[in-house]
Structure formats: structure tokens, C-alpha cells
Amino acid sequence: MEAIEKGMIPCEHEVIDEDTHYNDRITVALRTKEGLDLNTLSENDNLLVLEGSNRLRLTPKGLFVSDYVMSSLIFVE
């Protein structure tokens, strides 16, 4: 309100880290009609790989942090 009263346009600037940027890209993609390209997942973090047209598995790197990967994929209430 103070900025508007002074004739300025209020704005905010957010600096996000690489992980937050990645998570934002994933969540936004899932909300679009195009959805999420699974190749994007494997290319960006190399934790998952798509085999054939319907098998998603952990890579050796993904196995090392499998708890993290699985917690990211499961629904938690």
C-alpha cells in the first residue's frame, strides 16, 4: 500500500535454488494438458529411467537415494 501511495508499482523478486526450480517445472508441467515428459525426469536428475512405453525404474544413482525418490512419487496425507 505504501508503494502505491508513493506512486510506485509494488513488486517482489524471488530467487530460487536449482531444486526449487526443478520442482516448480515438474508441478507446473503436471497441471498442463501436455503433462510431463518422462524423458525430462531422467535427463535432469538421472534418478529414474523410462523403459519401453510404460516402465519407470530407478537408475543406479536413483537407488542410492531411493527413499527420496519414492517419497517424491507417493501420495502422503
Side-chain angles (χ1 to χ4, degrees):
M1 295 301 292
E2 290 177 23
I4 293 172
E5 289 171 358
K6 293 178 182 177
M8 299 172 59
I9 298 174
C11 66
E12 294 181 10
H13 178 76
E14 180 181 14
V15 177
I16 59 174
D17 61 21
E18 187 177 322
D19 289 341
T20 302
H21 179 69
Y22 175 78
N23 290 339
D24 287 350
R25 281 195 13 235
I26 299 300
T27 56
V28 168
L30 289 171
R31 291 182 177 118
T32 66
K33 72 177 185 173
E34 290 84 16
L36 176 64
D37 179 356
L38 292 178
N39 291 321
T40 301
L41 290 175
S42 62
E43 290 174 10
N44 279 297
D45 54 21
N46 199 29
L47 300 176
L48 297 166
V49 65
L50 180 63
E51 290 184 340
S53 61
N54 64 351
R55 289 271 176 212
L56 190 62
R57 70 169 178 79
L58 292 165
T59 64
K61 181 180 176 183
L63 286 170
F64 183 69
V65 290
S66 61
D67 287 345
Y68 164 76
V69 175
M70 286 183 246
S71 68
S72 297
L73 297 173
I74 61 173
F75 178 72
V76 178
E77 287 187 37

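Here, residue 1 is the first one in the sequence, and each next residue gets the next number.
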>> Using side-chain heavy atoms (C-beta onward) and a distance below 4.5 Å, is L48 in contact with T59?
In response: no
Using a 3.5 Å cut-off and no angle test, enumerate the donor-acceptor pairs between side-chain atoms of residues 5-14 and protein atoms at least two apart in sequence or in another chain.
none

>> To check you understand the geometry: which heavy-atom pair defines the closest contact between N46 and K61, and what is its length?
In response: O-CB, 3.6 Å
>> Within the supplied structure, the quantity of interest is the number of heavy atoms (other residues, nucleotides, ligands) at a distance under 6.0 Å from E34 CD; does it exceed 12?
In response: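 It does: E34 CD has more than 12 such atoms within range.
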>> Going by side-chain contact (heavy atoms from CB on, under 4.5 Å), name the residues that satisfy it together with R57, two or more places apart in sequence or in a different chain.
In response: V49, E51
